[in-house]
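Atoms considered below: every heavy atom in the structure, side chains included; atoms not considered: hydrogens, waters and symmetry mates. In what follows, chains carry the letters A, B, and so on, assigned in the order in which the sequence lines appear, proteins first and then strands, with residues in each chain numbered from 1.
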Number of protein chains: 2
Amino acid sequence: MNSLKQIDRGALSDALDHSGQRTTPQRETVFSVLLDERDHPTADEVYTRTKSRMPSISMATVYNCLETLVSCGLVKQVNIEREPTRYCPNLAPHAHFHCRDTGRVYDVPVPAGMMKDLAKVLPGEYSADSVELVFRGHLSKGKKQ
Amino acid sequence: MNSLKQIDRGALSDALDHSGQRTTPQRETVFSVLLDERDHPTADEVYTRTKSRMPSISMATVYNCLETLVSCGLVKQVNIEREPTRYCPNLAPHAHFHCRDTGRVYDVPVPAGMMKDLAKVLPGEYSADSVELVFRGHLSKGKKQ
DNA sequence: AATTTGATTTAGAATAATTCTAAACTAGGT
DNA sequence: ACCTAGTTTAGAATTATTCTAAATCAAATT
């Protein structure tokens, strides 16, 4: 059908079921687009890529599908500096690096438990359920363009 | 004149001079608004507050002044989750906490050098000039509303 | 297999924050 | 006092995203 592997298809319908939502071809295709090219695409980029696999899909549906995938926990939104929201299917705790030259966003692996440990700087009255760490700067030449 | 203290007025005109920009009443007033109530106001909130001190100011000018203050290093933009940009005159390294209940943003002091140390998780080819750390969650009751 | 029903998709309109435009004004040097 | 480039201003334009309401569809039930 679409390019979703059996294992991802299963993860998707489980997650959708689990949150009381339906499996649809549009959701499968959008999810497959995110899994196939993990470069933090914007909704617009997801739309273009999805349209090449499913020409009838609409922008509104892409937004709806992305929101659904976020709500059922399979995808995370990445927001950098008021730029258009990007979407990331990497669920492991990680930081982001935003290149000032290309605008690209890279996942940065972090030591196990580090993200959680960061929350220890919070005074007692704060309780954090999400921790975001974003670096901005430049890449030395040689790195994947 | 406006409510800028002499010391802040000096810092402002120095910073403006230093970046080749002019001191204007609008810039002074916007700066004083940011210094007087450090609750991370949005441009719209800055506009309302500034208008009460200088009724003739326009929204476009508020945006211009904020951009100028950012460009000369006196103010930092704080972006949380695609919400309207907020403005923060706290230049010391610090993290932010975003309350899911009220939407308020709080400065979180961090141990000296911590923000810089975080960049050590970056592989060698990345060089960061800015590090952002944002927590989201809830405040236990009792904390300043 | 047909029916039903609420969820989903869709095109296009609406919204909201921000940026742009170009004309009027002004800070600060001469 | 005069110039001139920088600044302010109102309103239009832009852009990402959300909303609307009608058509379609997934999947539970018969």
Side-chain angles (χ1 to χ4, degrees), chain A residues 1-2 4 9 12-31 33 40-48 50-51 53-72 75 77-87 103 105, chain B residues 1-2 4 9 12-31 33 40-48 50-51 53-72 75 77-87 103 105:
Chain A
M1 202 78 245
N2 51 44
L4 258 195
R9 185 185 307 275
L12 174 58
S13 55
D14 285 0
L16 286 171
D17 267 16
H18 195 66
S19 64
Q21 306 185 87
R22 293 178 181 170
T23 301
T24 68
Q26 288 86 346
R27 285 169 179 173
E28 287 184 339
T29 306
V30 167
F31 191 40
V33 161
H40 307 88
T42 62
D44 208 61
E45 290 164 340
V46 173
Y47 175 56
T48 303
T50 307
K51 215 166 166 59
R53 301 181 184 187
M54 180 183 265
S56 64
I57 201 167
S58 73
M59 186 78 223
T61 300
V62 168
Y63 271 105
N64 289 343
C65 291
L66 289 169
E67 164 55 30
T68 300
L69 293 172
V70 169
S71 77
C72 72
V75 168
Q77 294 187 319
V78 179
N79 287 293
I80 308 252
E81 298 266 308
R82 277 231 116 224
E83 289 183 5
T85 297
R86 298 155 185 279
Y87 296 86
V105 174
Chain B
M1 202 77 242
N2 50 45
L4 260 195
R9 184 184 308 274
L12 174 58
S13 54
D14 285 359
L16 287 171
D17 267 15
H18 195 66
S19 63
Q21 304 184 85
R22 291 179 181 169
T23 301
T24 67
Q26 288 87 345
R27 287 171 179 171
E28 288 185 337
T29 307
V30 167
F31 190 41
V33 161
H40 306 87
T42 62
D44 209 61
E45 289 164 339
V46 172
Y47 175 56
T48 304
T50 307
K51 217 166 164 56
R53 301 183 185 186
M54 179 183 266
S56 64
I57 201 167
S58 72
M59 187 77 225
T61 299
V62 168
Y63 271 105
N64 290 342
C65 291
L66 289 169
E67 164 55 29
T68 299
L69 294 172
V70 168
S71 77
C72 72
V75 168
Q77 294 187 319
V78 180
N79 286 293
I80 309 253
E81 299 267 305
R82 277 232 118 224
E83 289 184 5
T85 297
R86 298 155 185 280
Y87 295 86
V105 173

(message) At 10 degrees resolution, what angle do the end axes of the helix from C/dA1-D/dT30 to C/dT30-D/dA1 form when each is taken over five base pairs?
(response) 30°
How many Å lie between [atom1] on [X] and [atom2] on [N], as a whole number?
X       : N      : atom1 : atom2 : value
B/Met59 : D/dA12 : CE    : P     : 17 Å
A/Met54 : D/dC25 : CE    : C1'   : 12 Å
B/Glu81 : D/dT17 : CD    : C1'   : 15 Å
A/Asn64 : D/dA26 : CG    : P     : 16 Å
A/Arg82 : D/dT17 : CZ    : C1'   : 10 Å

Flag side-chain contact, heavy atom, 4.5 Å: [X] against [Y]:
X       : Y       : answer
B/Asp44 : B/Met59 : yes
A/Met54 : A/Pro25 : yes
A/Val78 : A/Thr85 : no
A/Asn79 : B/Asn79 : no
A/Arg86 : A/Gln77 : no
B/Glu28 : B/Thr23 : yes

Rounded at 0.5 Å granularity, tell me how far [atom1] in [X] sits from [atom2] in [Y].
X       : Y       : atom1 : atom2 : answer
B/Thr50 : B/Arg53 : OG1   : CZ    : 7.0 Å
B/Leu66 : B/Arg27 : CG    : CZ    : 11.0 Å
A/Phe31 : A/Cys72 : CZ    : SG    : 8.0 Å

(message) Determine whether a donor-acceptor pair (N or O, by modelled atom type, separation under 3.5 Å) exists between the side chain of B/Thr68 and the backbone of B/Asn64.
(response)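 Between the backbone of B/Asn64 and the side chain of B/Thr68 there is a qualifying donor-acceptor contact (under 3.5 Å).
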Pick base, sugar-phosphate or nothing for [X], based on heavy-atom distances below 4.0 Å to the nucleic acid.
X       : result
A/Asp44 : nothing
B/Thr42 : nothing
B/Ser56 : sugar-phosphate

(message) Using a strict heavy-atom distance below 4.0 Å, which residues from residues 18-27 of chain A are in contact with DNA chain C?
(response) A/Gln21, A/Arg22, A/Thr24, A/Gln26, A/Arg27
(message) Quick check on D/dT9: is either OP1 or OP2 less than 4.0 Å from any side-chain nitrogen or oxygen of B/Thr61?
(response) yes
(message) With heavy atoms of chain A within less than 4.0 Å as the criterion, where does contact along DNA chain C begin and end?
(response) C/dG6 to C/dT18
(message) Is a donor from one side chain sitting under 3.5 angstrom from an acceptor on the other, for B/Ser71 and B/Gln21?
(response) yes
